[in-house]
Structure formats: C-alpha cells, structure tokens
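The figures that follow rest on heavy atoms only: side chains count, while hydrogens, waters and symmetry mates do not.
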Amino acid sequence: MRSAAVFLVSFLLGSSLVLADESYSEQENAVFEQYFPSELRKSDVVVPESSKLGDLSWSNCGPATDPFKVVNITLDPTTHLHLPGTIQVGFAVNITRTISSPLQVALKVARKVVGVWVTVPCVDNYGSCVYSDGCALIKQCPDIFKQHNIPCTCPVAPGQYYLPPTNVTVTSNVPSWLQSGEYQATAELSDPAGHVGCLFATIVLS
C-alpha cells in the first residue's frame, strides 16, 4: 500500500455516491444521515473548517472554490493507533464538478523530531511524493468499493460521496519509520481543469 493509501485509505481516492431515498434500506439511510444530515443535503454543502478525532485532526486547506471537500471522517480507534494493524475508517466528501485523469496528488509528509517538524523525503513511493495520476493508484478495485458503487477510476462525477466505517488492514509492507511517531501531511489534488482539493491532517501513531 502506497503512502497516499496509508495516509487516508488511498487518500480519499475512492468514495461511494449515495442518494437517500426509498430505494435504500433503513440501515443504509441511517448511515447516510450520519454522514450527510438533512441540513447538509443541499447544493452548497456546509463543510467544517477542521475536526479532531483523538490522535487524528484534519482540515480542508484549499480555497473555498475547490470542487472536492471533505465533510466528515470517522476513525476507530481514535487513540493509540498502530501500524501495521487494522483500523476502521469512514469518510464523506462533496464533489461539485467532474474530476478527470490525470489527477495529480502532491503529498508532503513531515515527522516531529525533538519538537521540530522534519520533511520526510520520497523514498520508494513513500513520504513526500508527487503522484502523476492518483486515479491510477488503485490497481485492483477492492470488493468493499464495488459493494458501495465506488469508482476506482476517473472520471468521478459530481455528488455527495461517502464510505461507511470500514475495517482496513495495513500490512507489514509499511516502512518502519511510518509505524510510530507524530506526523502531519498535506495532499494537494489537481486535474486538467485546475485545482481539485487540499487536505491537511496530523496523526499520532504508537
């Protein structure tokens, strides 16, 4: 799993478009309401500036005009995160225009060392790397994506997208330097039409 995937489950490259109506089960609509309460279900979705979940904090860091905005992220456990291991992650995003390939993902990762943030260089596609096409990062579409109609390739249509809380197992392929410590990361996304989105996050791994 590449660093972008480790950082936020393929760093939000997969999401599922869901519309709450009678064609969905009561349980599915309850999940939808959790991610997109009725007051948010408008053409202009209200996006929080930032949020904190235990050892994870995040914020949208791009301009208000960005077509890609994170609305919510869930994480379990919220503290004492450990890699390799299994974590439960969910998220909701709002996309206001079609996202096309190539989707450039510029990822900057820093680790706190003796109170100072030190940039982690890009080594073997881990760390502060630029991925020329994030749409091509997912080589094989996971079953959980298929179950929730998650597009694994571009273009991604506009809409309100969510991934229900999902268990993700991060394997021992994670480099040793990423298995513990305090990190911050910024991901800038852009496609041929312009800037797509930006997400900033800090996380503590133990």
Side-chain angles (χ1 to χ4, degrees), residues 2-21 23-24 28-29 31-51 56-74 89-109 128-142 144-166 185-201:
R2 300 300 188 187
S3 60
V6 172
F7 172 55
L8 259 184
V9 192
S10 298
F11 193 67
L12 308 182
L13 293 177
S15 321
S16 59
L17 177 58
V18 173
L19 301 176
D21 56 33
S23 64
Y24 292 92
E28 288 172 320
N29 280 332
V31 172
F32 182 87
E33 181 66 27
Q34 173 187 352
Y35 282 91
F36 286 106
S38 56
E39 63 268 20
L40 298 184
R41 229 170 291 154
K42 306 173 183 177
S43 58
D44 295 324
V45 174
V46 178
V47 177
E49 291 184 3
S50 62
S51 183
L56 169 70
S57 61
W58 62 271
S59 62
N60 292 289
C61 48
T65 54
D66 273 351
F68 179 96
K69 295 282 189 179
V70 176
V71 178
N72 190 28
I73 295 175
T74 64
V89 178
F91 58 81
V93 302
N94 189 58
I95 296 177
T96 57
R97 71 161 172 82
T98 299
I99 297 175
S100 304
S101 180
L103 175 66
Q104 185 185 80
V105 180
L107 187 63
K108 182 177 180 180
V109 181
S128 300
C129 304
V130 176
Y131 303 92
S132 59
D133 190 4
C135 298
L137 286 178
I138 302 177
K139 301 301 183 182
Q140 183 175 358
C141 196
I144 188 64
F145 283 19
K146 297 175 183 177
Q147 292 170 17
H148 293 279
N149 300 316
I150 296 174
C152 289
T153 59
C154 291
V156 177
Q160 294 174 344
Y161 289 67
Y162 85 89
L163 179 71
T166 301
T186 303
E188 295 271 2
L189 287 73
S190 59
D191 70 359
H195 198 261
V196 171
C198 176
L199 184 68
F200 173 80

- What pair of heavy atoms forms the shortest contact from R97 to G194, and how long is it? NH2-O, 3.6 Å

- Please tell me if the side chains of P192 and P102 come closer than 4.5 Å, counting only heavy atoms from C-beta onward. yes

- Item | Donor-acceptor contact below 3.5 Å, side chain N94 vs main chain K69 | no

- Interatomic distance, L103 atom CG to L137 atom CG [nearest 0.5 angstrom]: 8.5 Å

- Query: Rounded to the nearest 0.5 Å, how far does CZ of F91 lie from CD1 of I73?
  - Reply: 8.5 Å

- Query: Can you name the nearest heavy-atom pair linking V105 to G134, along with the distance?
  - Reply: CG2-CA, 3.9 Å

- Message: Using modelled atom types and a 3.5 Å cut-off, is there a donor and acceptor pairing between side-chain atoms of T74 and backbone atoms of P165?
- Response: no

- dist C154:SG -> D191:CG (nearest 0.5 Å) comes out at 8.0 Å

- Message: Holding to side-chain contact (heavy atoms from CB on, under 4.5 Å), I want the full list of residues that pass it with T98, two or more places apart in sequence or in another chain.
- Response: S100, P155, P158

- Query: When rounded to the nearest 0.5 angstrom, what distance separates OG in S128 from CG in L107?
  - Reply: 6.5 Å

- Message: Using the rule given for side-chain contact (heavy atoms from CB on, under 4.5 Å), can you reason through N60 versus D66, listing the C-alpha separation, both sets of side-chain angles and the distance that settles it, and then say yes or no?
- Response: CA-CA 10 Å; N60 292 289; D66 273 351; over 6 Å; no

- How close do N72 and W58 get, heavy atom to heavy atom, and via which atoms? CA-CZ2, 4.1 Å

- Message: How long is the straight-line distance from CD of Q160 back to CD1 of I95, given to the nearest 0.5 Å?
- Response: 11.0 Å

- Note on the structure: Sorted by chain and residue number, the side-chain contact (heavy atoms from CB on, under 4.5 Å) partners of T166 (sequence neighbours excluded) come out as I144, L163

- dist E188:CD -> Q104:CD (nearest 0.5 Å) comes out at 9.5 Å

- Residues in side-chain contact (heavy atoms from CB on, under 4.5 Å) with A136, at least two apart? D133

